[in-house]
Amino acid sequence: MIAIDQSLRTEQRGDGTWRAWYVDSEWMADGFSKQEAVAAAQQLRRRDIGA
């Protein structure tokens, strides 16, 4: 189970892949599944905040 932050947004793209991003971040992450995209966005988020 993935904990979803309120500032996290996701969308399914026309080709069936997913995009995830945080509203207060310049980074967007793509994935073949929603979980993959969210996990990638979370990694970028941790890198942004230095955690």
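The side-chain contact (heavy atoms from CB on, under 4.5 Å) search around A37 returns W18, A20, not counting sequence neighbours. For A40, the side-chain contact (heavy atoms from CB on, under 4.5 Å) test picks out A29, with sequence neighbours left out. Legend: residues meeting salt bridge (Lys or Arg N to Asp or Glu O under 4.0 Å) with D15, ordered by chain and number and at least two apart, are absent.
For the atom pair Q35 CD and Q42 CD, the distance stands at 10.5 Å (nearest 0.5 Å). Distance check: Y22 OH to L8 CG gives 4.5 Å after rounding to the nearest 0.5 Å.
Tested against R19 for a side-chain contact (heavy atoms from CB on, under 4.5 Å), the candidates E11, Q12, R9 yield a single pass: E11.
With a 4.5 Å cut-off on side-chain heavy atoms, R13 and D30 count as touching.
Residues W27 and L44 approach most closely at CB-CD1, 3.7 Å, considering heavy atoms.
V38 and W21 are assigned to two separate hydrophobic clusters, defined by single-linkage of ILVMFWY side chains at heavy-atom distances under 4.5 Å.
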